[in-house]
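If you're wondering where the values come from, they're calculated on a predicted model, not measured in any experiment. Just so we're on the same page: letters track the sequence lines, and every chain starts at 1.
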Number of protein chains: 2
Amino acid sequence: MVEVRMSTESISKNKSLITLDKDMLQRFKPYITINTLCKGNFVFQASTPKKCFYIVLKGRVKLFRVSEIGREITQWFCFPGEIFGLAESPETNQHSIFAQCCEPCEVIAIPLNQFNNFIQSSPDVALKIIEQLSVRLKIVGDTLLDFTSDDVKTRLVKLLKRLNKRFGVTHNDGVIINIVLTHKEISDMIGACRQSVTTALGELKAEGNISLIDNRFFIPSVEKFEKLGTMP
Amino acid sequence: MVEVRMSTESISKNKSLITLDKDMLQRFKPYITINTLCKGNFVFQASTPKKCFYIVLKGRVKLFRVSEIGREITQWFCFPGEIFGLAESPETNQHSIFAQCCEPCEVIAIPLNQFNNFIQSSPDVALKIIEQLSVRLKIVGDTLLDFTSDDVKTRLVKLLKRLNKRFGVTHNDGVIINIVLTHKEISDMIGACRQSVTTALGELKAEGNISLIDNRFFIPSVEKFEKLGTMP
DNA sequence: GTAATACTGTCGTCCAGACGACAATTGAAA
DNA sequence: TTTCAATTGTCGTCTGGACGACAGTATTAC
């Protein structure tokens, strides 16, 4: 088995992650709840009342939407230092997304009525939140654009590139995308049916553009991979 | 001709709009540029360097993406009080979106290196920006979900509902959506081809669900319209 | 007022991929 | 270790809607 770790270097360079120092923890102590959740547990579900916003301390939380016909679309994965559960719309007091733990998690919950105090508690917090939201908006916008322009295989390739940027770790001459995803999960991220994802992955494997190591995608040549799915 | 105005009531209720009072204008005066632009002018284009963020003073600015094959997708319309041009990603110093004026506009430009000062200049500004971004994230997420679940007509209906919520003004027993959009513009908002939009609009007209007044969509019965495109 | 451009309406063809189905393989639970 | 559930692989059918084309209508520019 190949032992793979996420590079701590790429994490520490991400300056928009929120960490609560002792002063903050002390100050918001009366309001903070630390939730420990198992894999598969929901932090909250769509249509439930908005009471708190959340910051991931440990683990990975998937944010996704579900349509009326049960179709699921993944919007984001939150890692430690990322905030979620903010009021998405002033018109309703219910969540429109689901937040589910992909692995055992620890999540800080703070009541929404403390949000104002929270962003004023430190010069950096508001800026970090704005950066996080901006990045998410760009990525969701990327996905939307891909939907209108690209076939399934191209959308898959672009997703793998985005995942590589976020989770890639060097391994031999290539890169391992250090996150385990089923074909169904991938289909929910590119809005395709699972069978189509299986087929497209098979093609990429047959072409030698990806392989599997320890259930993770391995890209032998990132340079070659970056050329896929773009205009010549 | 029917004279129609956007309801000033719905605008003033939107508490996340940014207005610059005299103190702010004075304080940022050395940095602020007021740009007056004609219909069709770009505030900025994708792939150009990020220098400023912007706040609309007057008019309507369309934010959109263009894919490699030239496919356009509209993400948002900015009205007075709305901010755009924020750094979308820390990795690149170029815009990924286009910002184009739909009508004659006035737009404040402030250098991005003043953004930190800007959000600390008043207790409310950061909160308002966060709310604006959150709402946009939700709507873009709505659109993404619609793409994966709904046929073209349903997506059109849902778009009209969203537009009604934002631009609707009461008229007789129904509602006029007080924004003029071509079929092509609509197609860019729902990721369909123009001909499909024309066909779907024709069906809605034939069913009596919408008609045209002064080049704007009129919905005779909002109650009936709200039932369209949802599960029975 | 006229000419050019943009927009709307309509039609027929074609295909990417969703869908349903089922078998084979892998992973998790007892 | 065995059983069950989840995941992956494969196949054939069908259709929504993209596409290209063109005519009719409305708007804009001069």
Q: Search all heavy atoms of Leu181(A) against all heavy atoms of Glu185(A) and return the closest pair with its distance.
A: CA-OE1, 3.3 Å

Q: Take atom CZ of Phe147(B) and atom P of dA18(C), then tell me their distance rounded to the nearest Å.
A: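 It works out to 15 Å between those atoms.
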
Q: Are the side chains of Ile179(B) and Arg60(B) in touch, meaning some heavy atoms are under 4.5 Å apart?
A: yes

Q: Whole angstrom is fine here: how far is it from CG in Asp214(A) over to C1' in dT26(C)?
A: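 Answer to the nearest Å: 14 Å.
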
Q: For the pair made of CZ in Arg216(A) and P in dG27(C), what is the distance, rounded to whole Å?
A: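 From Arg216(A) CZ to dG27(C) P: 12 Å.
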
Q: Could you run down the sub-3.5 Å N/O contacts of the protein with nucleotides 6-13 of chain D?
A:
from	atom 1	to	atom 2	distance (Å)
dT8(D)	OP2	His183(A)	N	2.8
dG9(D)	N7	Arg194(A)	NH1	2.8
dG9(D)	O6	Arg194(A)	NH2	2.9

Q: Parallel, tilted or perpendicular: which one describes the rings of Phe44(B) and Phe84(B), with boundaries at 30° and 60°?
A: tilted

Q: Does the distance from a Lys or Arg side-chain N to an Asp or Glu carboxylate O, for Asp214(A) and Arg216(A), drop under 4.0 Å?
A: yes

Q: Please state how far atom CG in Leu212(A) lies from atom P in dG27(C), giving the value in whole angstrom units.
A: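 Result: 10 Å.
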
Q: What orientation do His171(A) and Phe218(A) show, parallel under 30°, tilted 30 to 60°, or perpendicular over 60°?
A: perpendicular

Q: Flag the pair Asp146(B) and Arg162(B) as a salt bridge only when some basic side-chain nitrogen lies within less than 4.0 angstrom of an acidic carboxylate oxygen.
A: yes

Q: Which residues pass the ring-ring contact (aromatic ring centres under 6.0 Å, His included) test with Phe147(B), not counting sequence neighbours?
A: none

Q: What protein N or O atoms touch nucleotides 14-17 of chain D N or O atoms at under 3.5 angstrom, if any, and at what distances?
A:
from	atom 1	to	atom 2	distance (Å)
dG17(D)	OP1	Val152(B)	N	2.9

Q: For the residue pair Phe167(A) and Phe217(A), is the inter-centroid distance of their aromatic rings smaller than 6.0 Å?
A: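 No, they do not, as the ring centres are separated by 6.0 Å or more.
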
